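One structure is given here, and the rest of the page talks about it.
A quick note: this is a predicted structure, and the numbers were derived from the prediction, not measured.
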Amino acid sequence: MKKTTPEYTPVDLSRWARKEHFEVFQSFAQSTINQTVLVDITALLKHIKEVGWKFYPTIISLLSKIVNSHSEFRMAIKNNELVVWNEIHPSYTIFHNETETFSSIWSHYDGNIHHFQDAYSQDVTRYGNNLSYWPKGESPENVFFVSSIPWVTFTSFNVNVAHMQNFFAPMFTFGKYYEQDGKILLPLAIQVHHSVCDGFHAARLFNELQAMCDDIQHLSKELND
């Protein structure tokens with residue numbers, strides 16, 4: 001399959017409110033933000049059980065909807081220029097029990113949860129038994145990253161990326177969900193680059209994700225209309 005160049009929009013730094021912040025965090029204050037929260041997925045689990053969805057692609061699709069809604073999660077350096085991808089797709093990990101390794105697969109996201117369930121199922125069926133790192137081929141440029149550690153819960157998770165000056169793609173990691181006080185809680189960690197994101201943006205993402213989980217029945221109907 002021939003690769004196509006993803007479409008993007010250059011950022012006009014002279015008009016960007018974060019121009020100074022971007023320059024600071026690209027120079028001497030290079031840093032990423034790591035944050036872990038507990039997401040209440042009680043209503044979400046109930047709904048996906050009723051409709052027969054799988055948990056992993058459902059969470060991925062909700063994250064995909066949010067990152068595609070906000071430009072700070074779609075930024076990259078392209079030809080030495082700061083750009084915003086017009087769309088961004090999830091690259092996620094699949095674990096292989098026989099080798100205790102994982103593969104990285106990406107699937108197309110078009111804004112519809114139902115479509116993504118199908119895209120995920122087709123890709124995992126086709127590539128899930130391939131033990132190579134990129135069984136579908138190396139992912140395109142316009143992706144963000146999701147991984148799962150379903151064997152253990154955690155209260156904090158930190159990812160360290162070497163040479164991360166221009167690594168702006170969000171990275172999500174979630175652990176084993178568990179019941180507490182009548183709620184099902186999912187530990188979810190995010191890493192973003194401080195050049196393009198602040199704590200405000202991460203907090204907004206988590207709040208929007210929680211709202212989607214609470215109202216998943218209405219959201220899934222809305223996206224299917």
Side-chain angles (χ1 to χ4, degrees), residues 35-70 73 87-97 102-129 135-136 139 143-155 157 169-191 202-225:
Q35 185 176 2
T36 303
V37 300
L38 293 174
V39 182
D40 182 353
I41 58 170
T42 310
L44 176 68
L45 285 180
K46 179 181 178 182
H47 180 72
I48 65 176
K49 187 177 295 185
E50 290 173 351
V51 298
W53 288 351
K54 293 182 178 179
F55 176 73
Y56 195 26
T58 301
I59 284 289
I60 295 174
S61 64
L62 295 181
L63 292 173
S64 298
K65 180 174 175 58
I66 297 172
V67 299
N68 274 283
S69 298
H70 300 290
F73 300 122
E87 60 183 20
I88 191 169
H89 307 283
S91 175
Y92 51 91
T93 58
I94 298 294
F95 186 72
H96 304 295
N97 288 304
F102 69 91
S103 294
S104 182
I105 300 176
W106 68 276
S107 293
H108 182 80
Y109 176 78
D110 68 356
N112 187 297
I113 291 177
H114 304 268
H115 293 172
F116 185 77
Q117 295 279 337
D118 293 336
Y120 170 91
S121 179
Q122 292 169 11
D123 283 331
V124 171
T125 298
R126 183 173 182 180
Y127 304 108
N129 293 324
K136 190 178 177 179
S139 61
V143 296
F144 69 98
F145 301 95
V146 182
S147 59
S148 174
I149 307 175
W151 310 278
V152 65
T153 190
F154 52 75
T155 56
F157 189 88
M171 300 182 70
F172 296 94
T173 306
F174 55 87
K176 181 180 181 180
Y177 55 76
Y178 61 96
E179 183 174 357
Q180 179 176 293
D181 299 328
K183 298 179 180 179
I184 307 297
L185 303 178
L186 174 74
L188 175 65
I190 186 177
Q191 175 178 283
R204 178 168 61 187
L205 179 147
F206 286 128
N207 289 334
E208 290 183 358
L209 177 62
Q210 184 62 69
M212 289 181 181
C213 289
D214 292 342
D215 197 25
I216 184 62
Q217 187 170 0
H218 176 266
L219 178 65
S220 64
K221 181 180 184 302
E222 177 183 278
L223 291 177
N224 201 38
D225 289 341

Inter- and intrachain pairs under salt bridge (Lys or Arg N to Asp or Glu O under 4.0 Å), touching residues 108-124, at least two apart:
Asp123-Lys136
Filter on salt bridge (Lys or Arg N to Asp or Glu O under 4.0 Å), then keep only pairs touching residues 41-50, sequence neighbours left out; what's left?
none
Could you list the residues that satisfy side chain to side chain contact (heavy atoms under 4.5 Å, CB included) with [X], not counting sequence neighbours?
X      : answer
Thr93  : Tyr56, Phe102, Ser147
Gln180 : Tyr178, Leu185
Pro150 : Ser148
Ser61  : Tyr109, Ile113, Phe116

At their closest point, which heavy atom of Glu179 faces which heavy atom of Ile184, and how far apart are they?
CB-CD1, 3.7 Å
Output all residues satisfying ring pair (Phe, Tyr, Trp, His ring centres under 6.0 Å) with [X], sequence neighbours left out; order by chain, then residue number.
X      : result
Phe73  : none
Phe157 : Phe154
His96  : none
Phe144 : Phe172

Show every side-chain hydrogen bond (donor to acceptor under 3.5 Å, both in side chains) that has at least one partner inside residues 205-214, sequence neighbours left out.
His70-Glu208, Gln210-Asp214
Excluding sequence neighbours, so at least two apart, what forms salt bridge (charged side-chain N to carboxylate O under 4.0 Å, His left out) with Arg126?
none
